[in-house]
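To start, the structure under review is shown below, and the notes come after it.
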2 protein chains.
Amino acid sequence: MDIDTIDRKILSILQGDGRIANVELAERIGLSPTSIGERLKRLQRDGFVEGYGARLNPHRLGLGLLVFVEVMLDKTTPDVFERFARAVQNAPEVLECHMVAGGFDYLVKARVADMAAWRRFLGERLLALPGVRETRTYAVMEEVKRDAPLPVG
Amino acid sequence: MDIDTIDRKILSILQGDGRIANVELAERIGLSPTSIGERLKRLQRDGFVEGYGARLNPHRLGLGLLVFVEVMLDKTTPDVFERFARAVQNAPEVLECHMVAGGFDYLVKARVADMAAWRRFLGERLLALPGVRETRTYAVMEEVKRDAPLPVG
DNA sequence: GTCTATATCCATCATTTATCCGGTCATCTA
DNA sequence: TAGATGACCGGATAAATGATGGATATAGAC
């Protein structure tokens with residue numbers, strides 16, 4: 001149920017190029033395509049590989065602004081947390097949302113077109129939710145490192 | 001140089017399943033595989049699709065802890081920023097790093113095995129950098145929404 | 001030691017897929 | 001009108017995939 005060096009190499013290469021041909025992957029590792037195929041199938045079955053996806057350029061798609069928001073909730077009813085989580089999952093602008101330990105409750109990462117779009121989303125969606133006590137928005141000025149691959153090596 | 005509804009549908013499907021066969025993609029959209037192939041090639045050439053990658057499960061790989069860190073730098077020399085950026089890019093634990101406008105300078109997202117590993121990384125790597133004045137670590141307790149696809153629709 | 005079960009690897013082959021090429025049709029323009 | 005352009009399609013070919021059977025090695029039970 002655990003993986004060896006070859007498996008890690010497969011994952012590493014596949015994380016960088018999810019569409020690489022099995023034969024080339026096999027060549028690069030030094031095993032037959034059949035073996036690599038079996039290993040990959042196992043890695044998928046055991047949940048190491050959850051899927052494949054195209055990496056899209058957000059700016060090209062008109063999503064020029066990346067923002068992070070710290071959200072504090074009223075802790076009066078536990079229902080508030082559930083409702084917030086559901087709202088966030090239904091909002092396509094929100095790419096990530098994490099419950100954190102520390103000074104605030106949720107950290108939200110979102111992509112929108114510009115500041116105007118963000119103001120609209122913040123006012124009409126986030127602040128409209130019941131239980132949202134306070135938010136702090138941090139606009140990203142420069143993406144120093146973007147979506148690096150997981151360290152599998 | 002801009003894209004239509006069909007292109008968006010291609011991007012949307014491909015973002016969810018980057019390994020889908022061209023023929024099935026064509027079927028699902030209602031065009032011939034050739035046309036889809038031509039469109040896809042154009043989308044790649046024009047930078048809408050930057051690549052493909054396998055989605056790996058971080059927990060399976062022993063990366064059980066997700067943390068966000070707010071970093072404040074001494075603004076004495078401009079060299080400090082460059083050096084910090086470079087260090088962060090070379091650190092495999094760091095998945096993202098953004099320069100933000102607001103109360104602090106950088107927001108760092110990192111994945112490590114556990115709190116012990118994080119303490120080690122924080123002490124030996126981050127705080128060892130010259131110019132790092134203050135850091136605030138927020139450990140993620142629950143990932144409410146994880147790496148959602150970009151809204152292309 | 002021997003037998004069995006399991007795991008890893010490999011070569012082969014039928015099927016599926018990607019891609020190149022030529023050709024059609026509609027639209028626009030000189 | 002003639003020519004150019006762009007989006008689309010079908011057919012042919014070269015390549016990749018996936019399934020099968022088989023070889024080898026290791027570990028455990030008896």
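Throughout, protein chains are lettered first and strands after them, A, B, ... in sequence-line order, and every chain is numbered starting at 1. All values below were derived from every heavy atom in this structure, side-chain atoms included, with hydrogens, water molecules and symmetry-related copies excluded.
- Taking the side chain of A/V23 as heavy atoms from C-beta on, and the options D/dC8, D/dA16, C/dC10, the nearest nucleotide is D/dA16.
- Place A/R19 and A/L31 on DNA chain C by their nearest nucleotides, and A/L31 ends up nearer the 5' end.
- Nearer the 5' end of DNA chain D, as judged by each residue's closest nucleotide, is the contact made by B/I6, out of A/P33 and B/I6.
- Residue A/K41 has no polar side-chain atom (N or O) positioned under 4.0 Å from OP1 or OP2 of D/dT17.
- Counting distance only, with no hydrogens placed and no angle test, the side-chain atoms of A/T34 and the base atoms of C/dA11 include a donor-acceptor pair under 3.5 Å.
- At whole-Å resolution of the value, CD1 in B/I3 and C1' in D/dG6 are 18 Å apart.
- B/L14 places its CG atom 11 Å from the P atom of C/dA18, with the value rounded to the nearest Å.
- Proximity of A/R39 to the phosphate of C/dA7: no side-chain N or O atom is located under 4.0 Å from OP1 or OP2.
- Atom CZ of B/R125 has 12 or fewer neighbouring heavy atoms from other residues, nucleotides or ligands inside a 6.0 Å radius.
- Going from atom CD1 of A/I29 over to atom P of C/dC9 covers 10 Å, rounded to whole Å.
- Between C/dT19, D/dT17, C/dC10, one nucleotide has an atom nearer to the side chain of A/S32 than all others, and that is C/dC10.
- For A/E38 and C/dT6, the CD to C1' distance is 13 Å, given to the nearest whole Å.
- Rounded to an integer number of Å, the gap from CG of A/N22 to C1' of D/dA15 is 13 Å.
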Does B/R39 form a side-chain contact (heavy atoms from CB on, under 4.5 Å) with B/K9? I'd like the steps, not just the answer. CA-CA 11 Å; B/R39 280 177 178 267; B/K9 211 177 290 184; over 6 Å; no

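- Rounding to whole angstrom units, CD1 of residue A/I36 and P of C/dC10 are separated by 8 Å.
- For the residue pair B/Y52 and B/Q15, no side-chain donor N or O sits within less than 3.5 Å of a side-chain acceptor on the partner.
- Comparing C/dA18, D/dT17, C/dC9 against the side chain of A/S35 picks out C/dC9 as the nearest.
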Can you list, pair by pair, the side-chain donor-acceptor contacts under 3.5 Å of residues 112-123 of chain B, counting residues two or more places apart and other chains?
{"residue": "B/D114", "atom": "OD1", "partner": "B/A116", "partner atom": "N", "Å": "3.3"}
{"residue": "B/D114", "atom": "OD1", "partner": "B/A117", "partner atom": "N", "Å": "2.9"}
{"residue": "B/W118", "atom": "NE1", "partner": "B/T137", "partner atom": "OG1", "Å": "3.3"}

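- Annotation: B/K75, atom NZ; neighbour count of heavy atoms from other residues, nucleotides and ligands within 6.0 Å is above 12.
- Remark: C1' of D/dG6 and CG of B/D2 are 15 Å apart, rounded to the nearest angstrom.
- Here the P atom of nucleotide D/dA15 and the CD atom of A/E27 are 13 Å apart, to the nearest Å.
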